[in-house]
Amino acid sequence: YECYDDLLERASELQRRLHNRAKLQQEAVLNASSRLDMTRIRQETFVSMKNLYSKSMTLLLDLQSISRTLRNLQIPDVKLPTVLISGAP
């Protein structure tokens, strides 16, 4: 993977862009003069978001892979007493 911090930064940027597009769509729908305008706005927004997701596909696949890897890690039970013996062989 690329630098994890960079990956998270790009994910935050994608989230911000999606949020902004949703807000713009909401404003446009509220200002629409007819049901036909609302349908047109919805279709344009769908195409716009689909393009944004397509451009970010490598980012999303990297995040998915990291998520799968992290799910496989063991989570220690902090209530279970354990003993660690270490030393040179």
**Asked** Is the closest side-chain donor-acceptor distance between R16 and S12 under 3.5 Å?
**Response** no
**Prompt:** Does one hydrophobic cluster hold both L73 and V78, with members joined at side-chain heavy-atom distances below 4.5 Å?
**Reply:** no
**Asked** CG/N31 to CD/Q26 distance, rounded to the nearest 0.5 angstrom?
**Response** 10.5 Å
**Prompt:** Is E13 salt-bridged to R10, cutoff N-O under 4.0 Å?
**Reply:** no
**Prompt:** Cluster question for you: counting only ILVMFWY and a side-chain heavy-atom cut-off of under 4.5 Å, with indirect links fine, are Y4 and L14 together?
**Reply:** yes
**Sidechain N-carboxylate O distance under 4.0 Å for E27, K23** = no
**Asked** Would you find more than 12 non-hydrogen atoms of other residues, nucleotides or ligands less than 6.0 Å from I75 atom CD1?
**Response** no
**Request:** Any chance you could measure D62, atom CG, to S67, atom OG, to the nearest 0.5 Å?
**Result:** 12.5 Å
**Request:** Report yes if some heavy atom in the side chain of D37 is under 4.5 Å from a heavy atom in the side chain of S34; otherwise report no.
**Result:** yes
**Chi angles and distances behind the side chain to side chain contact (heavy atoms under 4.5 Å, CB included) call for M57, L61** = CA-CA 6 Å; M57 190 54 64; L61 291 174; 4.1 Å; yes
**Asked** Near E44 CD, under 6.0 Å, is it more than 12 heavy atoms from other residues, nucleotides or ligands?
**Response** yes
**Asked** Any chain of hydrophobic side-chain contacts (each under 4.5 Å) joining M49 to L60?
**Response** yes
**Item:** hydrophobic_cluster_shared for L59 and L52, side chain cutoff 4.5 Å
**Value:** yes
**Straight-line distance of Q43 CD to I41 CD1, nearest 0.5 Å** = 10.5 Å
**Request:** Determine whether the side chains of T45 and R21 contain a donor N or O and an acceptor N or O closer than 3.5 Å.
**Result:** no
**Asked** Are V47 and L24 linked, directly or through other ILVMFWY residues, by side chains that come within less than 4.5 angstrom of each other?
**Response** no
**Request:** Any chance you could measure L63, atom CG, to L8, atom CG, to the nearest 0.5 Å?
**Result:** 7.5 Å
**Asked** Do R42 and T39 come within less than 4.5 Å of each other through their side chains, counting heavy atoms only?
**Response** yes
